[in-house]
Student: 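One structure coming up, written as structure tokens, with questions to follow.
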Amino acid sequence: MRIVAWILIVVTLAVGLGLAYSLYATQLSVSAVGVQVVSAAERMEEFTALRQAVEERSLIGTAFSDEQIGSVDGYEFHIYTVRGKNNGFLAADWIRLDVEAQPGDVLQVEREGANRLPAMSEGEIELVVLAKRNASTARNLTMSYFVLSRLYNVNVAQQ
């Protein structure tokens, strides 16, 4: 009988430690990978689609101002990449990156579909910002995600 009791105590402790670790590891490890600046003229098709979406008020994303988008020569895309590492036993769902708008930012583009980071894995998430030419690329980004329907936010400084 004592052996069974000790076995049950060990199993209970193991399950308790596993649950405690899974709650502790819900915070993703996040690091900024870098930013790529691409002229809007190089991505003319995407630029034209965004300009049309703004004019038609059908933009899937966040517009930072109400002004009309002008000629392609005055704009560039800033593509921010953030690496997230999930050390937990639970997947991180609905991962989203948001940017703190700076002078010269026009809009943030939403990617189709939900980003997901499975348990015990790592991956990269991209954020695309349309900005006026020669705008600064230094930004504060916020990564938000859900684990077991609970919202978490992590701030990422991008230099």
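The first residue in the sequence is number 1, and the count goes up from there.
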Student: Write down the atom of Ala131, the atom of Asp105, and the distance for their closest heavy-atom approach.
Tutor: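 Shortest heavy-atom separation between Ala131 and Asp105 comes out as CB-OD1, 3.8 Å.
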
Student: Under 4.5 Å side-chain heavy-atom separation, chaining through any Ile, Leu, Val, Met, Phe, Trp or Tyr, what else clusters with Leu8? Say none if it is isolated.
Tutor: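 Traced through the cluster, Leu8 reaches Val4.
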
Student: Using atom types as modelled and distance alone, determine if a side-chain donor or acceptor of Arg139 lies under 3.5 Å from a backbone N or O of Glu100.
Tutor: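 Such a contact is absent between Arg139 side chain and Glu100 backbone.
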
Student: How close do Ala119 and Gly88 get, heavy atom to heavy atom, and via which atoms?
Tutor: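 That would be CB-O, 3.4 Å.
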
Student: For the pair Gln108 (side chain) and Leu97 (backbone), establish whether a donor and an acceptor sit closer than 3.5 Å, ignoring hydrogens and angles.
Tutor: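 Yes; judged by distance alone, with no hydrogens or angles, the pair exists.
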
Student: Applying the 4.5 Å side-chain criterion to the ILVMFWY set and letting contacts propagate, would Leu130 and Val37 be lumped into a single cluster?
Tutor: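 No, separate clusters.
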
Student: Would Val128 end up clustered with Met143 when hydrophobic side chains under 4.5 Å apart are linked, directly or stepwise?
Tutor: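 No, Val128 and Met143 fall in different hydrophobic clusters.
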
Student: What distance separates Thr142 OG1 from Arg96 CZ, expressed to the nearest 0.5 Å?
Tutor: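 One finds 10.5 Å between OG1 of Thr142 and CZ of Arg96.
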
Student: Within the 4.5 Å heavy-atom criterion, are Arg43 and Ile79 side-chain neighbours or not?
Tutor: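 Yes, close enough: below the 4.5 Å cut-off.
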
Student: Does Ile3 have more than 12 heavy atoms from other residues, nucleotides or ligands lying within 6.0 Å of its CD1?
Tutor: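 For Ile3, atom CD1 is not crowded (no more than 12 foreign heavy atoms under 6.0 Å).
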
Student: Indicate every side-chain donor-acceptor pair of residues 52-67 with a distance under 3.5 Å to a residue at least two apart or in another chain.
Tutor:
unit_1 : atom_1 : unit_2 : atom_2 : d
Gln52  : NE2    : Glu56  : OE2    : 3.0
Glu67  : OE2    : Lys132 : NZ     : 3.1

Student: Do the side chain of Gln102 and the main chain of Ser136 share a donor and acceptor less than 3.5 angstrom apart?
Tutor: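 Side chain of Gln102 to backbone of Ser136: no pair is present.
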
Student: Do the non-hydrogen side-chain atoms of Tyr152 and Val147 ever get within less than 4.5 Å of each other?
Tutor: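 Yes, their side chains come closer than 4.5 Å.
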
Student: Tell me, do Glu76 and Glu42 make a side-chain contact under 4.5 Å, heavy atoms counted?
Tutor: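 No. Closest side-chain heavy atoms not under 4.5 Å.
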
Student: Answer whether the closest heavy-atom distance between the side chains of Val82 and Leu127 falls below 4.5 Å.
Tutor: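 The answer is no, as the side chains (C-beta and beyond) never meet within the 4.5 Å cut-off.
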
Student: Can you list everything that forms a side-chain hydrogen bond (donor to acceptor under 3.5 Å, both in side chains) with Lys85? Sequence neighbours excluded, please.
Tutor: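 Lys85: no side-chain hydrogen bond (donor to acceptor under 3.5 Å, both in side chains) contacts found.
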
Student: Look up atom CG in Asn140 and atom CG in Asp98, then write down how far apart they are to the nearest 0.5 Å.
Tutor: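 The CG atom of Asn140 sits 12.5 Å away from the CG atom of Asp98.
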
Student: Please report the closest heavy-atom contact between Pro103 and Ala135, naming both atoms and the distance.
Tutor: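 Shortest heavy-atom separation between Pro103 and Ala135 comes out as O-CB, 4.3 Å.
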
Student: Does Val129 share a hydrophobic cluster with Val156, counting links as ILVMFWY side-chain heavy atoms below 4.5 Å and allowing steps through other members?
Tutor: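 Yes, Val129 connects to Val156 through the hydrophobic network.
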
Student: List the steps and the verdict of side chain to side chain contact (heavy atoms under 4.5 Å, CB included) for Tyr75 and Leu50.
Tutor: CA-CA 12 Å; Tyr75 297 92; Leu50 286 173; over 6 Å; no

Student: Examine Leu28 and Leu148 and state if one hydrophobic cluster contains both, with Ile, Leu, Val, Met, Phe, Trp and Tyr joined whenever side-chain heavy atoms are less than 4.5 Å apart.
Tutor: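 Yes.
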
Student: Mind checking the CD-OG1 spacing from Gln36 to Thr137? Nearest 0.5 Å is all I need.
Tutor: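 Rounded to the nearest 0.5 Å, the CD-OG1 separation comes out at 12.0 Å.
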
Student: State, with a plain yes or no, whether a side-chain heavy atom of Asn86 is found less than 4.5 Å away from one of Tyr145.
Tutor: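 They are not in side-chain contact.
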
Student: What distance do Glu124 atom CD and Leu117 atom CG have between them, rounded to the nearest 0.5 Å?
Tutor: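 Answer for the CD-CG pair, Glu124 versus Leu117, is 11.0 Å.
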
Student: Should Val106 and Tyr80 be counted in the same cluster of Ile, Leu, Val, Met, Phe, Trp and Tyr side chains packed under 4.5 Å apart?
Tutor: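 Each belongs to a different hydrophobic cluster.
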
